[in-house]
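To start, the structure itself, in structure tokens.
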Amino acid sequence: MGIYCLTFDRPLGRMDRHRLEMMLDRYDTIRLFRTAWLIESTNPIAFLRARLGRAFGKKTDFFITRLSEPWCADGIGPVSQWLSDPQRQW
């Protein structure tokens, strides 16, 4: 189980966004910023990278990394609550 931070280099077009959202719907996620998401998953990062590669296609570069504690944030309201949920496992 892990929390992964996904970010990509540009806003997505309608079709790309639809493909990404369909992929993300398979996981517990929360949007961090316009081009950044947090994903909770039991899958290894290589699996997520392959899934994201298919969702984005070759047009979009992305970066994904596993979060670890401690983490800190400011001004991201619901995301802090999502991360701090007692049911969220690290």
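Remark: side-chain polar atoms of Arg31 are paired, donor with acceptor, to backbone N or O of Arg34 under 3.5 angstrom. Judged by distance alone, the side chain of Ser84 and the main-chain N or O of Ser80 form a donor-acceptor pair under 3.5 Å.
You'll find the side chain of Ile64 stays beyond 4.5 Å of the side chain of Cys5, heavy atoms only. By the 4.5 Å heavy-atom criterion applied to side chains, Leu83 and Ile3 are counted as neighbours. Leu52 places a side-chain heavy atom less than 4.5 Å from the side chain of Met23. Side-chain contact between Tyr4 and Thr65 is absent, with no heavy atoms from C-beta onward closer than 4.5 Å.
Once rounded to the nearest 0.5 Å, the distance linking CH2 of Trp37 with CD1 of Ile30 reads 9.0 Å. Atoms CZ and CG, from Arg49 and Leu6 in turn, are 13.5 Å apart once rounded to the nearest 0.5 Å. The CG atom of Asp85 lies 8.5 Å from the CD atom of Glu40; values are rounded to the nearest 0.5 Å.
Scored by the side chain to side chain donor-acceptor pair (under 3.5 Å) test, Thr29 finds no partners at all (sequence neighbours excluded). The side-chain contact (heavy atoms from CB on, under 4.5 Å) check on Phe47 picks up Tyr27, Asn43, Pro44, Arg51, with sequence neighbours excluded.
If you chain together hydrophobic residues whose side chains sit under 4.5 Å apart, Met22 and Phe62 never meet in one group. A continuous path of Ile, Leu, Val, Met, Phe, Trp and Tyr side chains, each step under 4.5 Å between heavy atoms, connects Ile45 with Leu24, placing both in one hydrophobic cluster.
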